[in-house]
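I have a structure here, written as structure tokens, and I will follow up with some questions on it.
Below, each value reflects all heavy atoms present in this structure, side chains not excepted, and no hydrogens, waters or symmetry copies.
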Amino acid sequence: MTKEHRDQLMALAREVSFDAGERIFEEGGSADHFWIIHTGTVALDLRVPGRPGVVVETLGPGRLVGWSWLVPPHHWHLGAEATSPVRALEFDAATVRSMCERNPQLDHELCTYVSGVLARRLRSARIRILDLYAPHGAGDVP
């Protein structure tokens, strides 16, 4: 992102912290914030009926936590839990969406960034699913 757009977003950020084991959000809940991790780790998990949640990916410093705020109907597609003490920058989703409506260049840059995050998360989920369910020796993931 350009420095100007990064600065505009950073002006909206507030510092927050989560204790290890604290749920940040639940799958299906209202996606009204997102975070950039400063320190610590966050596990993204998926509900599995009759079983504990399955960790899809673990995120560390510099990573975006939450993308569902950008895509209607703005409900979380996964859950998230701090796996260690976390310090992060929190952003109000409605405020950022409103800013994007007024600034098409910012909107484009942010959508491009989040699309890249989505692509990485889908690949990670695919690999995790293959690790769990593919027969041993099923081959490499392209």
Under 3.5 Å, side-chain donor or acceptor atoms of residues 49-67 against the rest of the protein: list the pairs with distances, not counting sequence neighbours.
| residue | atom | partner | partner atom | Å |
| --- | --- | --- | --- | --- |
| Glu57 | OE1 | Arg121 | NE | 3.4 |
| Glu57 | OE2 | Arg63 | NH2 | 3.1 |

**Point-to-point distance, once rounded to the nearest 0.5 Å, from OH of Tyr113 to CG of Leu70** =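 One gets 12.0 Å once the value is rounded to the nearest 0.5 Å.
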**Message:** Looking at every heavy atom in both Arg47 and Gly28, which two are closest together, and how far apart are they?
**Reply:**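 Shortest heavy-atom separation between Arg47 and Gly28 comes out as NH2-N, 3.9 Å.
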**Prompt:** Does any N or O in the side chain of Ser84 come within less than 3.5 Å of the main-chain N or O of Gly40, such that one atom is a donor and the other an acceptor?
**Reply:**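 No; judged by distance alone, with no hydrogens or angles, the pair does not exist.
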**Sequence-distant partners of Asp7, side-chain hydrogen bond (donor to acceptor under 3.5 Å, both in side chains), two or more places apart** =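 With sequence neighbours excluded, Asp7 shows a side-chain hydrogen bond (donor to acceptor under 3.5 Å, both in side chains) to Lys3, given in chain and number order.
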**Prompt:** With the 4.5 Å side-chain cut-off for hydrophobic clustering, are Leu78 and Leu122 part of the same group?
**Reply:**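 No, no single cluster joins them.
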**Request:** Sequence neighbours left out, what passes side-chain hydrogen bond (donor to acceptor under 3.5 Å, both in side chains) with Arg23? Give chain and number order.
**Result:**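 side-chain hydrogen bond (donor to acceptor under 3.5 Å, both in side chains) list for Arg23, sorted by chain: Glu26, Asp45, Glu81.
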**Request:** Check whether Leu118 and Phe25 end up in the same hydrophobic cluster, where Ile, Leu, Val, Met, Phe, Trp and Tyr are linked by side-chain heavy atoms less than 4.5 Å apart.
**Result:**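 Hydrophobic grouping puts Leu118 apart from Phe25.
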**Item:** Atom pair CH2/CG of Trp76 and Asp32 - distance to nearest 0.5 Å
**Value:**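 Trp76 atom CH2 to Asp32 atom CG measures 7.0 Å (nearest 0.5 Å).
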**Message:** Taking side-chain hydrogen bond (donor to acceptor under 3.5 Å, both in side chains) as the definition, give me every residue that meets it alongside His77, ordered by chain and number, with sequence neighbours left out.
**Reply:**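 Partners of His77 under the side-chain hydrogen bond (donor to acceptor under 3.5 Å, both in side chains) test: Ser68.
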**Set of residues satisfying side-chain hydrogen bond (donor to acceptor under 3.5 Å, both in side chains) with respect to His108, sequence neighbours excluded** =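 None.
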**Message:** Holding to side chain to side chain contact (heavy atoms under 4.5 Å, CB included), I want the full list of residues that pass it with Thr2, two or more places apart in sequence or in another chain.
**Reply:**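 By the side chain to side chain contact (heavy atoms under 4.5 Å, CB included) rule, Thr2 matches Glu4, His5, Glu109.
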**Message:** For residues 37-57, which residue pairs pass the ring pair (Phe, Tyr, Trp, His ring centres under 6.0 Å) check, not counting sequence neighbours?
**Reply:**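 As it turns out, there is no ring pair (Phe, Tyr, Trp, His ring centres under 6.0 Å) pair with a partner in residues 37-57 once direct neighbours are skipped.
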**Asked** What is the distance from atom CZ of Phe18 to atom OG1 of Thr83, rounded to the nearest 0.5 Å?
**Response**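 Reported value, rounded in 0.5 Å steps: 12.5 Å.
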**Prompt:** Excluding sequence neighbours, so at least two apart, what forms salt bridge (charged side-chain N to carboxylate O under 4.0 Å, His left out) with Arg87?
**Reply:**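 None.
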**Message:** Measuring from atom CG of Asp107 to atom OG1 of Thr112, what distance do you get when rounded to the nearest 0.5 angstrom?
**Reply:**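 Going from the CG atom of Asp107 to the OG1 atom of Thr112 covers 9.0 Å.
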**Non-hydrogen atoms of Thr39 and Ile37 that approach each other most closely** =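 In this case the closest contact between Thr39 and Ile37 is O-CG2, 3.5 Å.
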**Prompt:** Would Val16 and His33 count as a side-chain contact (heavy atoms from CB on, under 4.5 Å) if you check the C-alpha gap in whole Å, the side-chain angles of each, and the deciding distance to 0.1 Å?
**Reply:** CA-CA 12 Å; Val16 297; His33 291 87; over 6 Å; no
**Prompt:** Excluding sequence neighbours, so at least two apart, what forms side chain to side chain contact (heavy atoms under 4.5 Å, CB included) with Arg120?
**Reply:**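 If we apply the side chain to side chain contact (heavy atoms under 4.5 Å, CB included) test to Arg120, skipping adjacent residues, the hits are Val117.
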**Asked** Does one hydrophobic cluster hold both Leu130 and Leu46, with members joined at side-chain heavy-atom distances below 4.5 Å?
**Response**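 Different clusters: Leu130 never reaches Leu46 through Ile, Leu, Val, Met, Phe, Trp or Tyr contacts under 4.5 Å.
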**Asked** Is any side-chain heavy atom of Val114 closer than 4.5 Å to a side-chain heavy atom of Val71?
**Response**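 Contact flag for Val114/Val71 side chains = no.
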For residues 88-99, which side-chain donor-acceptor pairs fall under 3.5 Å, sequence neighbours excluded?
| residue | atom | partner | partner atom | Å |
| --- | --- | --- | --- | --- |
| Glu90 | OE1 | Arg14 | NE | 2.8 |
| Glu90 | OE1 | Arg14 | NH2 | 2.8 |
| Glu90 | OE2 | Trp35 | NE1 | 2.9 |
| Asp92 | OD2 | Ala94 | N | 3.4 |
| Asp92 | OD2 | Thr95 | N | 2.9 |
| Asp92 | OD2 | Thr95 | OG1 | 2.7 |
| Arg97 | NH1 | Trp69 | O | 2.6 |
| Ser98 | OG | Arg102 | NH1 | 2.8 |

